[in-house]
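A quick note: this is a predicted structure, and the numbers were derived from the prediction, not measured. Chain A is the first sequence line, chain B the second, and so forth, proteins listed ahead of strands; every chain is numbered from 1.
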There are 2 protein chains.
Amino acid sequence: MGVSKSHIFSLQQNELAQAAKVLAHPARIAILEYISKQDSCICTDLVDEIGLAQPTISQHLNEIKKIGLLKGTFEGKNLCYCIDQEMWSQLKLLFNTFFSTITKNCC
Amino acid sequence: MGVSKSHIFSLQQNELAQAAKVLAHPARIAILEYISKQDSCICTDLVDEIGLAQPTISQHLNEIKKIGLLKGTFEGKNLCYCIDQEMWSQLKLLFNTFFSTITKNCC
DNA sequence: ATTTAATATTGCAATATTACGATAATAATA
DNA sequence: TATTATTATCGTAATATTGCAATATTAAAT
């Protein structure tokens, strides 16, 4: 089949997996790091900086936008993409909680 | 084409993306949580617990193993999969560092 | 209103991922 | 050694992801 059976998992498990998926590509990591460094950016900067074609960067940006990690103006010239701090903190907490729940050992 | 151009990214960016990829499926989140709860496990428990076919669980376990997140005995009856605490801490730090580097705002 | 610069969308090809049935391999037990 | 229980591998199908060329859209500037 090839479809993830998300319905058999909890909301929390799906949310964390979905967030991880956004981070599961080095281009998107690089994009987030670059936006962070610049405080804001336009897409062409990213194309020059990262070395992927403009449509590809646009697609990656869209993946990041879809989970609400970017805010700002998204149309026309002189875009201002910024990281949504609230969502960022939420994700940080989500991952941190997950990493903290697993603490025991057996072997 | 469809191949990730990992060579244009830094080692750190690729490592984080690779780690995120392992967490980018709810079944693997569920597996890690379950192993954590049990301290140890055998694959059949996971098949019953999670509701995916045994070969599918085996594949997911293999993805987790590949980045060194599991240790223990992996052959024969009465397996003992455990989370590698050292690697776990390393990943926790990796994600935490990433989430901490991005702190500024613009809009 | 045209031009220009920047981003988005479409369409397509290549590869990766997810899932499972069938089967093989492994190791303990009878 | 044959059986049994458990996990791994193979083969295959369906879907998802990655990437880019071509094109469309958008909004500012001329």
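The stretch residues 12-22 of chain B has no heavy atom under 4.0 Å from DNA chain D, so no residue of it qualifies as close. Annotation: proximity of residues 52-59 of chain A to DNA chain C (heavy atom, distance under 4.0 Å) is found for Gln54(A), Pro55(A), Ser58(A), Gln59(A), numbered in ascending order.
Remark: Ala30(A) pairs with Ile50(A), Phe9(B), Gln13(B) by the side-chain contact (heavy atoms from CB on, under 4.5 Å) rule, at least two apart or across chains. Residues passing the side chain to side chain donor-acceptor pair (under 3.5 Å) test with Gln59(A): none are found, sequence neighbours excluded.
Under the 3.5 Å distance criterion, the side-chain polar atoms of Asp84(A) are left unmatched by any main-chain donor or acceptor of Lys71(A). A donor-acceptor pair is defined here as one N or O able to donate and one able to accept, closer than 3.5 Å; such a pair exists between the side chain of Arg28(A) and the backbone of Lys21(A). Distance alone, capped at 3.5 Å, places no donor-acceptor pair between the Ser36(A) side chain and the Leu32(A) backbone. In this structure, Trp88(A) contributes its side chain and Ile83(A) its backbone to no donor-acceptor pair below 3.5 Å.
In this structure, Arg28(A) atom CZ and dG19(D) atom P are separated by 9 Å, rounded to whole Å. Put simply, NE2 on His25(B) is 15 Å from P on dT15(D), counting in whole angstrom units. Ile35(B) has its CD1 atom 11 Å from the P atom of dT7(D), to the nearest Å. Note: CG (Asn62(B)) to P (dT18(C)) measures 13 Å, nearest angstrom. Per the geometry, CG belonging to Asp45(A) stands 16 Å off P belonging to dA5(C), to the nearest Å. As a whole-Å value, the separation of His7(B) NE2 from dT18(D) P is 16 Å. Distance, Leu23(B) CG to dT18(C) C1': 17 Å, rounded to whole Å.
Checking the phosphate oxygens (OP1, OP2) of dA8(D), a side-chain nitrogen or oxygen of Lys65(B) falls inside 4.0 Å. Neither OP1 nor OP2 of dT6(D) sits under 4.0 Å from any side-chain N or O of Tyr81(B). Note on His60(A): every side-chain N or O is 4.0 Å or more away from OP1 and OP2 of dT17(D).
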For residues 91-98 of chain B, which side-chain donor-acceptor pairs fall under 3.5 Å, sequence neighbours excluded?
residue, atom, partner, partner atom, Å
Lys92(B), NZ, Ser100(A), OG, 3.2
Thr97(B), OG1, Leu93(B), O, 2.7

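Note that CG of Leu23(A) and CD1 of Ile29(A) are 4.5 Å apart. Values are rounded to the nearest 0.5 Å.
The salt bridge (charged side-chain N to carboxylate O under 4.0 Å, His left out) analysis of residues 53-63 of chain B, with sequence neighbours excluded, yields the pairs Glu63(B)-Lys66(B).
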